[in-house]
Amino acid sequence: MAEYNPNYLDFEQSLLKIEDKINTLSNSTDKNESTLSQISKLKENFESETIKIFKNLSDWQISQLARHPLRPYTLDYIEHLFTDFTELHGDRMYGDDPAIITGIAKIDNLDFMFIGHQKGRDAKEKVHRNFGMPKPEGYRKAHRIMQLAEKFNLPLVTFIDTPGAYPGIDAESRNQSQAIAQNLYTMSNLKVPIISIIIGEGGSGGALAIGIGDKIAMLEYSIYSVISPEGCASILWKDAKKAATAAEALCITSSKLLNFNLIDSIIPEPVGGAHRDYVAMSSALKINLTNMLEEVKLKNINDLILQRKNKIEDYGDYNVDENS
Amino acid sequence: MSWLDKILPSRIRASKKKQSSVPEGLWHKCSNCEAVIYRAEYEKNFNICPKCNHHGRISARKRIDIFLDKNNREELFVNILPKDVLNFKDKEKYKDKLSTTQEKTGEKDALVAFKGNLKNMPVIVCCFEYSFFGGSMGSVVGEKFSRSAKLCVETKSPLICFSASGGARMQESLFSLFQMAKTSSALNELASKQLPFISVLTDPTMGGVSASLAMLGDINIAEPNALIGFAGPRVIEQTVGEKLPEGFQKSEFLKKHGSIDIIANRMEHRSIISNILNTFTQN
C-alpha cells in the first residue's frame, strides 16, 4: 500500500494507486512496446476515473477542494493572469496586512485596481500570511484601494479566499467589526464597477468585506458560507465531526448558490480541480474576468450602481402575510 | 469553570447548576453581583440591577416601550415573516424551531420596528429581540431594517437601532451573510439625505450584526458592560491560546480603544439621543 499522499484527498486515493503504477512502469529500465501501451492505458484510466469521481462530488468533498493545500492562491493568479501588477502596501494608519494583497493591475489592455486575500503555501508563509485571515489593517488597506479606484475611475477586481476575518485580541482592539462594516458600506455605493471572484474559501464576513460587486462569480469548486462547516457543526450539532452534514445543510457550493441567485456565474475548473492545472485554470479565469470587465465598462455608471443597489436589496427571502 | 466542574459529566453539571439557582418567578439574581432582587423591583428598574447598575437583557418591546413617547406609536412591517428557504435541518428542522420560538417569544422574528416620537420628534426605531434565535440576523431582520431605513428617507426621520445579537442566522446561511451587505447599503441612502443613524449597542452585539449596521452609526452608543465584538471570546481564546485580558470586548474596553462614542445608562437613552438628534437635524 502506498504512503498517504496529501496531494490526493481521501476520495481521490484510487487515482493515487493508478499514478503509482504509472510511475513504477515509467521508471522501469526495460521499456518495451507493451509497457508503453500499458502506461497509455493507465493514463486513460486515470482520466476516466478522475471524471467519474468529480461527477458526483459531495459538498464536503468540494469544501476540501476549495481548501486544497495546492490550490492556486491570489499570488499564483497574479503571476499567471496579470500582464502587469504593482503591489501597494499599508493602511496609512497602523500597518500592512500580508493576508490581503492590493495593487494596480493590468490584463492585456485592461487596467483595474485589485484586492485579494492571500494564504500561505509552506509553514513559514502560512504564518506570515496569517492563514489568509485579515486583521482590520488589511480591510482598511482594501478600503484605501477602493477609494483610489473611485478617485481615478478604475474598475475594482477582488479575489476572495479566506477562512474568515482574524479572531484575535489585537484585531478586536482595532475594531475588526468596524473595518468590515466600513467596506460593506463603501462597496455598496462605490462609483466604479466591481467584480468579485471567489477563488477558494469564502469565509463569512471576512470574505464579504471585499465581496460586494456588480458581478459575483465563483470558481466551480470554491465555497461561500456564513460559517465554516466545522463551526456550524460544533454549534448546531454540538459535534465538529458532523462537518460534512453541516456542509450539505449550509448550501455553500457554487451550483447551489447560483440556483439561489446569490451569485451571478460559475467559472469551470479543469478536470480534477484548479490545482491540477494552473495554466488551464488561469486561462479560464482570464477569459471570464476580461469578459466581465468589458461588459461592465460599457454600462453607464449610474445605471450600474442602481442595479447593484437593487441587487443588494433583493438579497433575502421571506414570507409576506397578506392578512396583517 | 473550575477544574472539578470540567471533569464532571454535563448531566451532573447541569443538575448542580439548577439546584443553586434562585427559583424563577418572584426573585431575580443579578448575573454580575449576584444580589437577589425582588423581580417586580428589578423590572420596574428596567432590568437594571439597583445594587451594581448591571444592565440585564430586556425584551425588544419593553425597550421600545421605555424609549418612545407614549402617544402615536405604530408597529411596522409586521407582515414580514421568516421562511425556511434552504429546508435547513440540524438536530431538528429550522421550520419547527421557528414555530416553537415564535410561540415561546410571541415574536415573528428577531427584529421589532416602530414608528413613533422621541420627545415629540418623529423617529423610526428598530430593536433586536435577543430571545429569538439569539437576536440573529436573517432575511427578515435585514428586510425590516432596510425598509425602516427607506421609510426614514421617505418621512425624513432619523433612525435609531438597538442591537442585541449573536450575529448572522446560521440556518439561513449565505442569505443571512448577505444581510450584512443589505443593511449597510440601506444606511448609504440614509446618509445621502443627511438623516442621522444612531446605533445603540447592547449586550451582546457580535459577529455579522456588529460588523455591519451596528458599527455604522453616526453616533455609536453602548450600554455599560455590554459584550461587543466581531469574534466571540471563546473562539478568540481557542485561536490565540491565551487568556483574554480583563474586561476584553466590554463597552469600556471599546470606548478606550476608540470604537464607540458614548457609554450611556439605559435610563439616559431618551435624553441623550433626543439631544443629539435635535442638534443634528436643526439645519
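Here is how names work: the chains are called A, B, and so on, in the same order as the sequence lines, proteins then strands, and each is numbered from 1. The structure displayed is predicted, hence computed values, not measured ones. Side chains included, hydrogens not; waters and symmetry mates left out as well; all remaining heavy atoms used.
Residue B/Q238 does not touch chain A at all, counting heavy-atom pairs closer than 4.5 Å. Only the side chain of B/E242 comes within contact range of chain A, judged by heavy atoms closer than 4.5 Å. With a 4.5 Å cut-off on non-hydrogen atoms, B/Y94 does not touch chain A at all. For A/I212, the part lying under 4.5 angstrom from a heavy atom of chain B is the side chain only. For B/L216, the part lying under 4.5 angstrom from a heavy atom of chain A is the side chain only. For A/I169, the parts sitting under 4.5 Å from any heavy atom of chain B are the backbone and the side chain alike. For chain A, the nearby parts of B/S259 are the backbone and the side chain; heavy atoms of each come within less than 4.5 Å. Contacts between A/A165 and chain B at a heavy-atom distance below 4.5 Å involve backbone atoms as well as side-chain atoms.
Of the listed residues (A/Y166, A/Y224, A/Y318), the greatest number of heavy-atom pairs within a distance under 4.5 Å of chain B belongs to A/Y318. Between chain A and the residues B/G142, B/G207, B/A181, the most heavy-atom pairs under 4.5 angstrom are made by B/A181. Heavy-atom pairs under 4.5 Å with chain B were tallied for A/V320, A/N183, A/L262, A/I312; the largest tally goes to A/L262. In terms of heavy-atom pairs under 4.5 Å with chain B, the best-connected choice from A/A246, A/S225, A/S173, A/A171 is A/S173. Looking only at heavy-atom pairs under 4.5 Å with chain A, the residue among B/N220, B/L86, B/L81 that has the most is B/L81. If you tally non-hydrogen atom pairs under 4.5 Å between each of B/S176, B/S192, B/A186, B/S185 and chain A, the highest count goes to B/S185. When each of B/K108, B/E237, B/Q249 is scored by its heavy-atom pairs under 4.5 Å with chain A, the top score falls to B/Q249. The choice from A/S204, A/C232, A/C251 that makes the most heavy-atom pairs within less than 4.5 Å of chain B is A/S204. Contact count versus chain B (heavy atoms, under 4.5 Å) is highest, among A/K309, A/E248, A/E172, for A/E172.
Distance alone, capped at 3.5 Å, places no donor-acceptor pair between the B/S184 side chain and the A/Y185 backbone. Checking side-chain atoms of B/N79 against main-chain N and O of A/E322 turns up no donor-acceptor pair under 3.5 Å.
Under 3.5 Å, the side chains of B/N188 and A/S188 contain a donor-acceptor pair of N or O atoms.
Counted within 6.0 Å of NZ on A/K242, heavy atoms from surrounding residues, nucleotides or ligands total 12 or fewer; the atom is thus considered open. By the 6.0 Å contact criterion, NZ on A/K151 is open, its count of non-hydrogen atoms from other residues, nucleotides or ligands being 12 or less. More than 12 non-hydrogen atoms from other residues, nucleotides or ligands lie less than 6.0 angstrom from NZ of B/K97. Around the NZ atom of B/K115, the shell of radius 6.0 Å holds no more than 12 heavy atoms that belong to other residues, nucleotides or ligands. Counting non-hydrogen atoms of other residues, nucleotides and ligands closer than 6.0 Å to CD of B/E246 gives a total of 12 or fewer. Within 6.0 Å of atom CD in B/Q194, 12 or fewer heavy atoms from other residues, nucleotides or ligands are found, so the atom counts as exposed in its surroundings.
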Would you please test B/Q171 and A/L236 for side-chain contact (heavy atoms from CB on, under 4.5 Å) and show each step? CA-CA 9 Å; B/Q171 292 88 342; A/L236 293 184; 3.8 Å; yes
Evaluate side-chain contact (heavy atoms from CB on, under 4.5 Å) for B/K91 paired with A/K238, printing each intermediate quantity in order. CA-CA 9 Å; B/K91 282 176 159 174; A/K238 315 262 183 264; 3.8 Å; yes
What do the steps show when you test B/M180 against A/I180 for side-chain contact (heavy atoms from CB on, under 4.5 Å), and what is the final call? CA-CA 10 Å; B/M180 293 170 67; A/I180 295 170; 4.2 Å; yes
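How far CG of B/L187 is from CG of A/N189: 11.5 Å, rounded to the nearest 0.5 Å. The line from OH of A/Y315 to OG1 of B/T183 is 12.5 Å long, rounded to the nearest 0.5 Å. Between the CG atom of B/L177 and the CD1 atom of A/I252 there is a distance of 12.5 Å, given to the nearest 0.5 Å. Residue B/L174 holds its CG atom at 8.0 Å from CG of A/L208, rounded to the nearest 0.5 Å. Between B/H257 atom NE2 and A/N175 atom CG the span is 10.5 Å, to the nearest 0.5 Å.
In plain terms, the two heavy atoms of A/L184 and B/A211 that are nearest each other are CD1-O, 3.6 Å.
Here the two rings, on A/F260 and B/F178, have centers that are 6.0 Å apart or farther.
Results of the salt bridge (Lys or Arg N to Asp or Glu O under 4.0 Å) test with A/E313 over B/K182, B/K150, B/R147 single out B/K150 as the only residue that passes.
Two residues are said to be in side-chain contact when any heavy atoms from C-beta on lie closer than 4.5 Å; B/F88 and A/L250 meet this criterion.
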